[in-house]
Every structure is written in C-alpha cells, then in structure tokens.
Amino acid sequence: MQKFSLVAPLCAICLWIVGVQLCGAQDIDSLSSVRNLAEVEVVGAVVDKEAVSVAPLQVAQSNDFERLGLVTAADVVKRMAGVHVQDYGGIGGLKTVSLRGLGAKHTAVSYDGVAVSDAYSGQIDIGRYALDNVEALSLTVGQGNDIFRPARDFASAGLIEIKSRTPLTTHTMAKVRGGSFGLMGATLMHERVLGEHWSSSAVLNVEQADGDYPFTLVNGIASSRQHRADGDTKSIAAEGNLFGSFGNRGNVQMKVAYYDSERGLPGSVRLYNKDNSERLWDNNFYVQATGEVVLSAKWKARAVAKYNYLFSRYKQVNPNFAAGYQTDANRQNEYYLSVGSLYTPGGAFSFSLTSDFSFATVRNNFLAGREPQRINSQTVVAASYEKGAVTATASLLGTLLADDAGGSSKPDSKKRLSPAISLAWQPFEDVPLRLRASYKDIFRTPTLADLYYQRMGNVGLKPERATQYNLGATFSGSLGSKATLALSLDGYMNRVKDKIVALPTMYIWRMQNYGRVFVRGVDATLSAACTLARDVELLLDVSYSYSHTVDKTNRNSKNYGHQIPYTPRHAANGSFTLNNKWVNISYLVTFTGERYMLPQNIEENKLPAFVEHTISLNREFALWGALLRLQGEVLNFTDKGYEVIRYYPMPGRQWRVTMCLTF
C-alpha cells in the first residue's frame with residue numbers, strides 16, 4: 001500500500017472522528033442510553049415496501065445479513081432474483097453485477113443517497129463493501145416510487161442502494177473473524193448520540209487472506225490437485241458519518257471515507273501455466289454531504305455534493321514485455337453536485353426537478369491523451385400519482401455529456417432524452433394483490449477507457465442503448481395470526497442496441513459498437529415467516545430467475561440467436577432459517593445453470609451447472625451488561641468444484657467464525 005494513501009486520508013478521517021466524538025462528550029454512554037422519542041399512535045396496516053413498489057424491488061435488512069452470515073454487499077446481491085455476480089475467483093477477485101442480462105455497466109450503486117462512480121472503467125467492485133455498518137441494501141429494476149432523488153439515480157437500468165445505520169444509542173462494537181485460506185479480519189465501530197438532533201458513527205475495518213485454496217486441474221481424462229496462486233489480499237477501510245435530524249424541518253448527513261487495498265489477481269488456470277504475476281493496488285478517498293430542508297407544506301429542497309479521488313495501479317510481470325513488466329497507473333478526480341426540489345400541491349400528485357453536474361479528470365499512462373476530462377450534466381423532471389388503489393410515476397431525464405482529451409481527435413458531445421413510466425394497481429380492496437407495469441429507455445455512455453485507452457480506444461463510439469419492459473404482480477399478507485407470506489412474479493423484456501464490445505481488427509483489438517441483444521425472462525421471489533412457538537420461528541426465502549438473453553446482431557453469423565456468454569438461463573437461491581432460544585440455524589443453497597464462455601453455444605464452450613450449499617449457526621449471549629454474538633459458517637460444505645468464469649476456479653469447502661461484542 002502506498003505511504004501517501006495511508007497518511008493524508010487517514011489523518012483527515014481521524015480528525016473527523018475525534019472532533020465528532022468530542023462534540024458529544026456529554027454523559028451519554030452504555031447500551032442503556034437511549035434517545036427518548038415522543039409517543040406516536042400508528043393507524044393502519046404495516047405496508048410491505050417491496051409489495052407496493054411500481055417497479056421490481058428487493059430489500060435485505062441488517063438482521064438478514066446476520067442470520068445468513070453475509071459479509072459483503074456481493075453476498076447479498078447474488079441472492080436476489082435477476083442478478084448474476086461475475087466473480088473472477090480468489091478471495092480478492094473482482095465482483096461485478098450484471099442485471100437481467102444487460103451487463104455490469106448498466107447497474108448503478110448508491111451509497112447513502114450518493115452515486116458511486118468510476119469514470120475510467122465504469123465498473124463498481126461490489127465485493128469491497130462490508131456490511132458491518134449497513135442498515136439495508138436494496139435493488140430496484142427500472143424506476144421506483146421515489147421521485148425525489150439525484151438525476152444520476154435515473155440514469156441506469158438498475159440501482160443498488162446501500163444505506164448506513166443511523167445511531168439510536170451510544171455504544172461500541174468490536175468484531176473479529178477468521179476462516180479458511182488465511183482469512184483474518186477485525187472491525188471496530190463506535191456510534192454516539194450527540195443530543196436531540198445529532199448522532200455520529202465511526203468504523204474501521206481491516207482484513208487479509210492468503211487465498212491459497214486447493215482446486216482440481218483437469219486435462220482431458222486426467223486430473224490433479226493444485227493450489228490457487230496469487231490470490232492474496234489485504235485491505236483497510238475507514239469511515240466517519242455525521243447525522244442531523246430536525247424532525248419535519250429536514251435532515252443532513254456527512255460522510256468521509258477511505259479505502260486502500262493490495263491484492264494479487266488470480267489469473268486463468270491452464271495446464272503448465274498455473275502462476276499469474278499480476279497485482280492490483282486500489283486507493284479511494286471521498287467526502288460527501290447530503291441535506292434536505294422542508295421549505296413549506298408544499299415544497300422541499302435537497303442538495304448533494306461529493307469529491308471523489310480514485311487511484312489504481314496494475315502491474316504484470318512477463319518476459320514478453322521489453323522491461324520485463326508492464327504497469328498501468330490510473331488517477332481520477334471527480335467533483336459532483338446535485339440540487340433538486342419537490343413540489344406537492346396537495347391531493348395525489350407530486351412533482352420533482354433535479355439537476356446534477358459532474359466534472360471528472362483522469363490521468364493514465366496508457367491513455368491516448370494528456371488528461372481526459374469529462375463534463376456530465378443531467379436534469380430530470382418527474383411526477384408521481386398515488387391515490388387509493390393506483391400508484392404511478394413518470395420521468396424524463398436529459399443528459400448532456402462532453403469530453404476533452406487534449407488531442408486532435410475529439411468525440412462528439414452526447415445528448416439524449418430518456419423517458420420512464422411505471423404503474424401499479426390493487427384491483428381488490430380486501431386482497432393484498434397488486435399488478436404493476438413499467439417501461440424505461442436508458443443509455444450507457446462509453447467510459448473513458450472505451451474511448452481513449454491506448455490502441456484499443458475508439459473516440460467514435462456511440463452510446464449503448466437499452467429499453468426495458470416489465471409486467472408483474474405482488475402479494476403480501478398474513479396467513480392467520482402466526483404466518484406471513486410475500487410473493488412476486490415479474491416477466492420482462494429488454495432490448496440493447498449499439499452494444500460496446502472489443503473486436504479484433506487487422507492487428508489489434510478495438511472497442512466498437514457492434515451488437516444487438518434481446519432479453520426475455522422471468523423473476524420470482526417468495527418470502528414466508530411462521531411462528532411455531534413462543535421462542536421458535538421459521539423463515540423461508542426463495543428466488544428464481546429465467547433469462548433468455550440472445551445475440552441478435554447478424555443473422556448470418558454462427559452465434560445468431562445464441563445465449564450471450566456467462567449468462568445462465570436458469571438460476572435460483574434459497575434460504576431456510578430456524579430461530580430459537582438455543583442456537584439459530586440457517587441453510588443456504590445457490591443454483592446456477594449451464595452457460596457458455598464464448599458467443600457460440602457449442603459443447604466445447606459450455607460451463608456446467610453447479611449447486612453450492614452453506615450452513616450458518618449463531619447465538620447471542622448477555623455478558624456483564626454487553627452483548628456477545630458468536631457465529632460460524634461452513635460455505636460450500638459439499639466441496640463442490642466449479643467456475644463462474646472459465647479457468648477461474650472458485651474455492652471449495654471453507655469455514656468462517658466471527659465473534660462480535662457490543663457494549
């Protein structure tokens with residue numbers, strides 16, 4: 001890890017944390033120090049947020065993370081319907097999210113209401129986000145109910161939202177964990193209530209692993225047991241939050257965060273070529289703030305600001321290079337601002353207007369230009385209607401994007417209007433059944449790497465367009481006094497035009513617009529809970545996805561109508577939990593169907609289906625005024641060998657234990 005990266009940003013975070021904690025140095029400590037809230041009478045039935053959404057929505061809460069033994073955001077997302085997490089193997093392997101066959105760059109990630117961005121690659125590694133300080137994680141496909149949000153949130157096919165915990169008490173949490181393949185980690189978190197309106201939290205997370213796990217190398221009819229090389233990882237993450245809540249007058253949240261990692265990149269495994277001398281260093285420092293103020297009974301205003309610094313360095317050692325190695329260094333700076341207003345005239349209608357502006361610069365020793373700059377302006381006008389059995393939203397997003405690479409070749413400015421509309425209807429007043437339909441037209445602009453990367457970049461690239469259609473139904477209700485049931489079923493169709501891919505030219509590979517993809521599919525979810533006795537509860541969660549994602553580019557090509565690479569036609573997840581006063585038990589199962597490594601669907605390119613089984617046990621103990629939680633998991637306990645990406649073997653059977661003390 002770089003010396004600079006461990007000094008300046010960490011000092012800033014330490015000063016933030018110390019200042020915030022000193023501000024709350026009044027006598028508020030221990031778990032018993034609870035904020036007193038005014039008594040409020042709640043009238044009406046509890047509404048399931050997922051069931052009433054006009055677009056497909058899946059939500060996981062912190063108690064779900066704990067009972068299932070989920071550690072990172074990638075663990076959560078890959079259990080949701082319609083999602084395929086592309087995992088390149090190894091403990092520190094890159095994990096990106098492809099949603100309904102559209103590809104990773106069509107999926108946006110928002111952390112506490114502010115978009116996570118990477119102007120250079122356009123991909124977000126969802127595996128780096130730990131869940132220790134996360135209250136909820138949600139996935140929305142299309143456009144959801146909330147129209148009062150930054151314009152960037154409207155600019156993608158799907159949105160993953162991560163929400164931090166808001167402190168309600170003053171306490172400290174210390175967590176240590178260990179596991180197979182040299183896994184060791186620790187988390188320290190302190191949450192403090194700073195009076196009637198303010199609270200704060202500070203989190204420090206460190207982790208390392210050697211990633212040296214066994215796998216089976218197959219060569220025809222022969223096979224041998226080998227060990228994965230170059231899969232080591234070490235990382236440190238720190239975060240400080242300040243929350244202000246002013247009742248019906250508004251709220252504010254400020255965050256400063258730092259992340260630093262070094263990892264080996266476990267390359268593809270082939271016979272006689274098991275080692276891979278590639279390493280990656282990542283460094284990210286950002287500061288963000290959001291504020292919302294109630295101006296009157298009809299008007300609200302919101303502002304969001306963020307500064308984001310990203311540094312990555314990739315090194316590959318290979319005698320084929322003139323110097324014996326190649327280094328790719330990349331530095332990004334981005335400044336982002338969003339302002340918006342919400343007007344609720346009364347009755348069933350609401351209207352919002354939000355404008356975003358961002359300015360990003362990139363320095364990279366392999367970019368064909370001195371310092372590419374990107375200016376992105378987005379404005380969205382949105383409206384919602386909610387009355388009785390009907391809920392509807394509509395939006396129109398305008399995007400204007402301009403780049404300047406300082407060279408003679410300059411891409412044209414990108415301009416586009418992107419509409420979206422969603423509708424939900426409850427046909428029977430006494431039956432918790434809702435029908436929904438949605439449409440969204442969106443486009444993905446080429447990343448700076450797509451445009452300017454040396455030799456491969458193409459400044460003539462057009463944006464990649466995607467059109468989404470969804471038709472579905474949800475049911476959420478009680479089955480007697482001791483059981484609840486929630487169901488969702490959605491059928492969808494997506495069309496992608498001008499798909500951006502790397503294609504070979506006369507001598508080199510080059511980024512080009514080449515491709516049409518047609519997607520038809522079904523997503524289904526089931527959640528059930530049943531109380532068997534006073535201290536015994538059963539929980540069941542199941543999701544299933546069918547995705548017919550085929551290439552419709554050229555009728556004369558061999559792969560026309562074939563399933564696109566690494567997109568399984570069938571996938572399913574399930575979990576079963578038994579909560580009781582002795583020990584809580586969870587069983588998780590994941591099924592991924594057959595898929596192909598290359599566009600042509602022939603037997604030589606096929607990857608077999610696999611099933612992974614995991615079991616998790618946990619129990620909490622009251623200990624001298626503190627709370628001790630012990631958890632243990634055995635992942636892939638059948639020791640199934642499989643690959644998500646061809647020649648990138650995944651770990652077999654592994655264990656993990658966690659001890660958490662809250663005081």
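Source: prediction; values computed, not measured.
Looking at Lys234 and Glu207, no side-chain N of the basic residue comes within less than 4.0 Å of a carboxylate O on the acidic one, giving no salt bridge. Ion pairing between Asp64 and Arg79 fails under the 4.0 Å rule for side-chain N and carboxylate O. Residues Asp146 and Lys49 are not paired through a salt bridge, judged by the lack of any N-O separation under 4.0 Å between the basic side chain and the carboxylate. Ion pairing of Arg165 with Glu191 is present here, as a side-chain N (NZ or NE/NH1/NH2) and a carboxylate O approach within less than 4.0 Å. A salt bridge does not link Lys105 with Glu464: none of the charged nitrogens is closer than 4.0 Å to a carboxylate oxygen. Taking 4.0 Å as the cut-off between side-chain N and carboxylate O, Asp403 and Arg374 count as a salt-bridged pair. A salt bridge between Arg149 and Glu161 is present, with a side-chain N of the basic residue lying under 4.0 Å from a carboxylate O of the acidic one. Salt bridge present: Arg263 and Asp125 bring a charged side-chain N and a carboxylate O closer than 4.0 Å. Between Asp112 and Lys306 there is no salt bridge, since no side-chain N of the basic residue sits under 4.0 Å from a carboxylate O of the acidic one.
If you check the side chains of His197 and Ser245, you find no donor sitting under 3.5 Å from an acceptor. Asp118 and Gln332 form a side-chain donor-acceptor contact under 3.5 Å, judged by distance and modelled atom types alone. Side-chain atoms of Ser384 and Thr393 form no donor-acceptor pair, as typed in the model, at a separation below 3.5 Å. Side-chain polar atoms of Tyr314 and Gln316 form a donor-acceptor pair below 3.5 angstrom. For the residue pair Thr166 and Glu135, no side-chain donor N or O sits within less than 3.5 Å of a side-chain acceptor on the partner. Side chains of Thr187 and Asp132: a donor-acceptor N/O pair is present below 3.5 angstrom, by distance only.
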Can you list the steps and then say if Gln143 with Lys440 is a side chain to side chain donor-acceptor pair (under 3.5 Å)? CA-CA 7 Å; Gln143 207 57 55; Lys440 187 171 185 178; 2.9 Å; yes

Carefully, step by step, assess Asn133 and Glu239 under the rule side chain to side chain donor-acceptor pair (under 3.5 Å). CA-CA 9 Å; Asn133 189 40; Glu239 179 181 304; 3.3 Å; yes

List the steps and the verdict of side chain to side chain donor-acceptor pair (under 3.5 Å) for Ser355 and Thr379. CA-CA 4 Å; Ser355 292; Thr379 298; 3.1 Å; yes

Show your working on side-chain contact (heavy atoms from CB on, under 4.5 Å) between Ile160 and Val97 and close with a plain yes or no. CA-CA 10 Å; Ile160 297 171; Val97 177; 4.1 Å; yes

Please test Tyr336 against Asp356 for side chain to side chain donor-acceptor pair (under 3.5 Å), starting from the C-alpha separation and ending with a verdict. CA-CA 7 Å; Tyr336 169 73; Asp356 290 13; 2.7 Å; yes

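The six-membered or imidazole ring of Phe285 lies away from that of Tyr309, with a centre-to-centre distance of 6.0 Å or more.
When every heavy atom of Arg177 is checked against every heavy atom of Asn205, the shortest pair comes out as NH2-ND2, 2.9 Å.
Residues Leu242 and Lys255 are not in side-chain contact: their nearest non-hydrogen atoms beyond the backbone lie 4.5 Å or more apart.
Cation-pi geometry between Arg128 and Tyr259 is met: under 6.0 angstrom from the ring centre, within 45 degrees of the axis.
Counting non-hydrogen atoms of neighbouring residues, nucleotides and ligands closer than 6.0 angstrom, the OH atom of Tyr325 reaches no more than 12 such neighbours.
In this pair, Tyr343 and Phe351 present their aromatic rings parallel. The plane angle is below 30°, not in the 30 to 60° band. In this structure, Tyr335 and Phe359 have parallel ring planes: the angle between them is below the 30° cut-off, well short of the 60° mark.
Tyr129 pairs in a side chain to side chain contact (heavy atoms under 4.5 Å, CB included) with only one of the listed residues (Ile124, Val77, Val76), which is Ile124.
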